[in-house]
Number of protein chains: 2
Amino acid sequence: MPKPQITIKDIARELEVSVSTVSRALNDSPDLSKATKQRVQDYAKLHHYNPNFLALSIKKRESTVIGVIVPQVTHHFFASVVEGILEVADREGFSVLLFRSHEEYDKEVRSVQRLLSSRVCGVLTSVAKETTRYDHFQELVDNDIPVIFFDRICVDIQSNRVVIDDYAGALSATEYLIKTGCKRISFFCSPMHLEISKNRRGGYVDALRKHGLPVDNDLIKICDNYDDAIPVATEMLQSENRPDAFFAVNDETALGILHASKLLHLKIPDEVSICGFTDGFAAIASDPQLTTVGQNGFDVGVSAMELLVERIRSNGEPMLKNRIIRTKLVVRETTR
Amino acid sequence: MPKPQITIKDIARELEVSVSTVSRALNDSPDLSKATKQRVQDYAKLHHYNPNFLALSIKKRESTVIGVIVPQVTHHFFASVVEGILEVADREGFSVLLFRSHEEYDKEVRSVQRLLSSRVCGVLTSVAKETTRYDHFQELVDNDIPVIFFDRICVDIQSNRVVIDDYAGALSATEYLIKTGCKRISFFCSPMHLEISKNRRGGYVDALRKHGLPVDNDLIKICDNYDDAIPVATEMLQSENRPDAFFAVNDETALGILHASKLLHLKIPDEVSICGFTDGFAAIASDPQLTTVGQNGFDVGVSAMELLVERIRSNGEPMLKNRIIRTKLVVRETTR
DNA sequence: GTGAAAGCGCTAACAG
DNA sequence: CTGTTAGCGCTTTCAC
C-alpha cells in the first residue's frame, strides 16, 4: 500500500506547534499571527502537503465527489456528456467517480451501492435500457443525495432532469422529410419503455398527422444499432411498398440503413432519404454525409452538472428545475 | 448536505451491543456467535447499511479508488480504454475517479493534485500533448502510488506501461501500401515529442527503407485532425509530384485526407490509397470504408487496469512488467 | 494567538 | 464470545 503522505500532525511535530495551529494556518484562519501562518504554509508547500480529502469529508460530513453512471462510454453522445460534466467539475472543484452500467440493471444497482458507500455529494445518471425498477435511485433520494437524470430520465423519481428536446427534434426532422417530398417515412427507435423513445415517436407521429399522412405501425421498428439496422432496412426496402425515407434514433442506426440502401443500389437521397439523431463524427465521415438531429452532449453534461452544483450549494433544496437542451437539425446530403 | 447515512454506531445502539461486535458481524468474523452475527446482518440489510468507504480508507490506510487521467473522453480510442478500465475495476472491486487533461499541462497537474488528495491507490494515465515536464507524475511515484502509463507514455518516469504496438502497426500498414504498388507514401502524424509519433514514424521509415524507397521529409507532416488535414492534403495532392498514398496517425486525419481527395475527384484507391490508425466507428461509416490499423482500446484499458491491480495486490512491488497490445491491419476499401 | 480535547465512522489490539 | 479503547487525519469548540 502507498506510504502515508505527510499530514498536519507531521508538520505540527516538525514545527513544534499544535495541530490546531497547523490546521488554522492551512485554512488561512484570521486569528493567527502572520509569522506562524507563513511558517506553516511554507513548510507545507515545501514538503508537498496535500490535504486528505477522506479525512475532510468524514469530518465535515460533506464531500466534493460526485458520481456519474452512464450506459456506455464509447458512445459519442455519452462521451460528450461526460466531457461536459468533467469540464464543470474541474471548474467548480469537484471530482467525478465514473461508472458504466453497460445497459445492465445489476451493474447499475451495484454502481449506486458504491456511490452510497463512497458518500458522494450528488449523482448524475442516464438509466440503463434494461432498468425498469428504480428502488436503487430512490435510495439515493431517501438519503438526501441529489440525483439529476439526463437524457434517459426516470419519471418515477422526483428529481431534476436535463433532457434534449426529443419531441421537437423528431418533429422538425420528420417535418423536414415531409416538406422535401417524402411520403412513407419509417421510424427506427429504441425500446418503448424509454422516455426518449416515447418522445421521439411522439414528434414523429405528430409531424405525420399535422401534414395529413397516415401513421403506419409497420413503418415503426424497434431497432437501434448499425448491425441490426442493415437486415431490417434491407427487408423493408425490398418490399413492394417500400419507404422513401427513414428517421433513426441515432446515427449508427441511420448509417446502417444507409449501408443497406447502397447495397440495394438505391439513390440517396433521391429514392431514399435518411435522417439520424446525434451528430457524431461518423455523420461527417459517411458519404453521402448524414443529415441528422444534432444533440449537444457537451451542453447536456454542462447543464446537468451546473444544476447539481446549484443544488448542492443551496443545501439540497429540492428545487424543481429542469433543463431542456435544444436540438438542431443538421441538413447534409442524405436528405433532399 | 446529505443527511448522514446509518452507521455501525446506530446499529450498536439499536441492538444494544458494542460497535466492535457490529463491526465483526458485518465483516463476518469467525469468533462471534451465529445468533448475534445474524441479528446484526439482518438489521443492517433491513436498514440499508452501507459501509463508509471514507472511514474505511482512512483507517486501513488503503483505498479502493483508482485515478484515471485521459486527454479527451470524446475520442474513440480513449473512450474504449476507459471502458476497459471500468470493466476490470467493476470486476475487481475498484472505483474510478476520472479526469481529463484536455491536452493541457495545467489541468493535468491539477488532476494529479486531486488524486493525491483523494488518496487513490493507483493511477492510470495517458499524458497530454502539451506536457513536457513530469514532476507531477514523479510525485505520485515518490508517494509510492503505482502509476501505469498507457499509449502516450512517459519514458522519464520509472513505471509500468501499456502501449499498442505503434512501430509494428505503422510498419505493416506502410508495407501493405508498398506491396499494393504505392511509391510516394505520405505520413501525417502528431507532434514529434510524443513517443507514439516517434514509434509510428520509425515503422513508416523502416518500411520504406526495407523496400528501397527514399525517405522524403516533405512527405511527413505534423497534422493530426480532420479539419487541418483537408487543406494540407489538398495542397499536396495538387503538387506536380503528388503522393499516391497517405498513412495517418488516426482515423479522423485519414478521413480528412479522404475528403480532400474526393473534392479533387481523385479515384480512391486507384489514384490515392489511404490508411488510418484507430478503427473507430467512423472507419466503417465512411465511403469507401477506411483501411486502418485497428487499435484495441478496450484491451489497453483492461491490461492497464489488470497490471495496476496486480501491483496493488502485490503490495506495490515495483515489478517491471510492461504490456504491448498488438494492432491489426484492417483492410477495407481505401487501399488497393 | 495558541493549545488541548472531542469526535467523524471504522478497525484492531487488548481485556475479560 | 463480547466489550473497551486507541487511533487514522482533520476541524472545531472551549480554554488559557
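Letters A, B, ... are given to chains in the order of the sequence lines, protein chains preceding strands, and every chain is numbered from 1.
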task: Return each pair, listed once, that meets salt bridge (Lys or Arg N to Asp or Glu O under 4.0 Å) where at least one residue sits in residues 7-22 of chain B; pairs must be two or more places apart or across chains.
output: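 Residue pairs with at least one partner in residues 7-22 of chain B: B:Asp10-B:Arg13.
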- request: List for me each residue that meets ring-ring contact (aromatic ring centres under 6.0 Å, His included) alongside B:Tyr43, sequence neighbours excluded, and say none if there are none.
  value: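 Once residues adjacent in sequence are excluded, the partners of B:Tyr43 under the ring-ring contact (aromatic ring centres under 6.0 Å, His included) criterion are B:His47.
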- request: Enumerate the residues from residues 36-51 of chain B whose closest heavy atom to DNA chain C is under 4.0 Å, giving them by residue number; use none for an empty result.
  value: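 Contacts with DNA chain C under 4.0 Å: B:Tyr49, B:Pro51.
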- prompt: Does B:Thr74 reach the main-chain N or O of A:Ala79 with its side chain, forming a donor-acceptor pair under 3.5 Å?
  reply: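 Here the side-chain-to-backbone pair does not exist.
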task: Let me see the working for B:Ile66 and B:Leu124 under side chain to side chain contact (heavy atoms under 4.5 Å, CB included), right down to the final yes or no.
output: CA-CA 8 Å; B:Ile66 65 131; B:Leu124 300 175; 3.9 Å; yes
A:Asp31 CG to C:dG3 C1', straight-line distance once rounded to whole Å: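 Answer to the nearest Å: 13 Å.
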message: What range of DNA chain D does chain B touch, first nucleotide to last, counting atoms under 4.0 Å from its heavy atoms?
response: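 Span of nucleotides near chain B: D:dC1 to D:dG9.
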query: In chain order, what residues pass the side chain to side chain contact (heavy atoms under 4.5 Å, CB included) check against B:Asn50, with sequence neighbours excluded?
result: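 Expected list: A:Gln113, A:Leu116, A:Ser117, A:Arg119, A:Glu139, B:Gln5.
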- prompt: Rounding to a whole Å, what distance do you find between A:Arg24:CZ and C:dA4:C1'?
  reply: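 A:Arg24 atom CZ is separated from C:dA4 atom C1' by 10 Å.
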Donor-acceptor pairs are to be reported for all side-chain atoms of residues 92-102 of chain A against protein atoms at under 3.5 Å, with residues two or more places apart or in another chain.
unit_1   : atom_1 : unit_2   : atom_2 : d
A:Glu92  : OE1    : A:Arg313 : NH1    : 3.1
A:Ser95  : OG     : B:Arg114 : NH1    : 2.3
A:Arg100 : NH1    : B:Glu83  : OE1    : 2.2
A:Arg100 : NH2    : B:Glu87  : OE1    : 2.2
A:Ser101 : OG     : A:Glu103 : N      : 3.2
A:His102 : ND1    : A:Glu104 : OE2    : 2.8

- prompt: So what is the 5' to 3' dot-bracket string for DNA chain C, if pairs are Watson-Crick or G-U wobble with both distances under 3.5 Å, crossing pairs use [ ] and | means the partner sits on another strand?
  reply: ||||||||||||||||
task: Could you pull out all residues at least two apart from A:Asp28 that satisfy salt bridge (charged side-chain N to carboxylate O under 4.0 Å, His left out)?
output: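 In terms of salt bridge (charged side-chain N to carboxylate O under 4.0 Å, His left out), with neighbours along the sequence ignored, A:Asp28 is linked to A:Lys37.
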- request: Could you please spell out the steps behind the side chain to side chain contact (heavy atoms under 4.5 Å, CB included) verdict for A:Arg24 and A:Asn27?
  value: CA-CA 5 Å; A:Arg24 280 188 270 251; A:Asn27 288 306; 6.0 Å; no
message: Measure CD1/B:Ile8 against P/C:dC8 and give the value in whole Å, please.
response: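 Whole-Å distance recorded here is 13 Å.
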query: Which parts of residues 11-21 of chain A get close to DNA chain C, meaning a heavy atom less than 4.0 angstrom away?
result: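 Of all residues in residues 11-21 of chain A, the ones placing a heavy atom under 4.0 Å from DNA chain C are A:Val17, A:Ser18, A:Ser20, A:Thr21.
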Rounded distance (Å) that lies between atom C1' of C:dA12 and atom CD of B:Glu62: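 Computing the B:Glu62:CD to C:dA12:C1' distance gives 14 Å.
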field: salt bridge (charged side-chain N to carboxylate O under 4.0 Å, His left out) partners of A:Asp135, counting only residues at least two apart
entry: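 Partners of A:Asp135 under the salt bridge (charged side-chain N to carboxylate O under 4.0 Å, His left out) test: A:Arg133.
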query: Under 4.0 angstrom, heavy atoms only, what part of the nucleic acid is A:Leu56 near: base, sugar-phosphate, or nothing?
result: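 Sugar-phosphate only.
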message: With no hydrogens and no angle check, just 3.5 Å: does a side-chain donor-acceptor pair link A:Ser23 and A:Ser20?
response: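 The criterion, which ignores hydrogens and geometry beyond distance, is not satisfied for A:Ser20 and A:Ser23.
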task: For B:Gln5 and C:dC8, give me the distance from atom CD to atom P, rounded to whole Å.
output: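 Rounding to the nearest Å, CD of B:Gln5 and P of C:dC8 are 16 Å apart.
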message: Base, sugar-phosphate or nothing for A:Lys59? Non-hydrogen atoms, less than 4.0 Å.
response: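 Contact class for A:Lys59: base.
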- prompt: Expressed in angstrom and rounded to an integer, what is the separation of A:Lys60 atom NZ from C:dA6 atom C1'?
  reply: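 Answer to the nearest Å: 18 Å.
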- request: Nearest-nucleotide wise, let me know which of B:Lys34 and B:Ile58 is further upstream toward the 5' end of DNA chain D.
  value: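 Nearest nucleotide further toward 5': that of B:Lys34.
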query: So does A:Glu130 pair up with A:Lys107, basic N to acidic O under 4.0 Å?
result: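 Looking at A:Glu130 and A:Lys107, the cut-off is not met.
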message: Going by side chain to side chain contact (heavy atoms under 4.5 Å, CB included), name the residues that satisfy it together with A:Asn322, two or more places apart in sequence or in a different chain.
response: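 By the side chain to side chain contact (heavy atoms under 4.5 Å, CB included) rule, A:Asn322 matches A:Asn160, A:Arg161.
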message: Please determine whether a side-chain nitrogen of the Lys or Arg among A:Lys129 and A:Glu108 lies less than 4.0 Å from a carboxylate oxygen of the Asp or Glu.
response: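 The answer is no: the pair does not qualify as a salt bridge.
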query: Residues in salt bridge (charged side-chain N to carboxylate O under 4.0 Å, His left out) with B:Lys321, at least two apart?
result: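 Here the qualifying residues are B:Glu310.
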Distance, rounded to the nearest Å, where B:Asp10 contributes CG and C:dG9 contributes P: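 Atom-to-atom, B:Asp10 to C:dG9, this comes out as 8 Å.
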- prompt: Contact class for B:Asn52 (heavy atom, under 4.0 Å): base, sugar-phosphate, or nothing?
  reply: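 Here B:Asn52 touches the backbone only, sparing every base.
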Under-3.5 Å donor-acceptor pair between A:Arg119 side chain and C:dG9 base: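 Looking at the base of C:dG9, it does not pair with any donor or acceptor on the side chain of A:Arg119 (distance under 3.5 Å).
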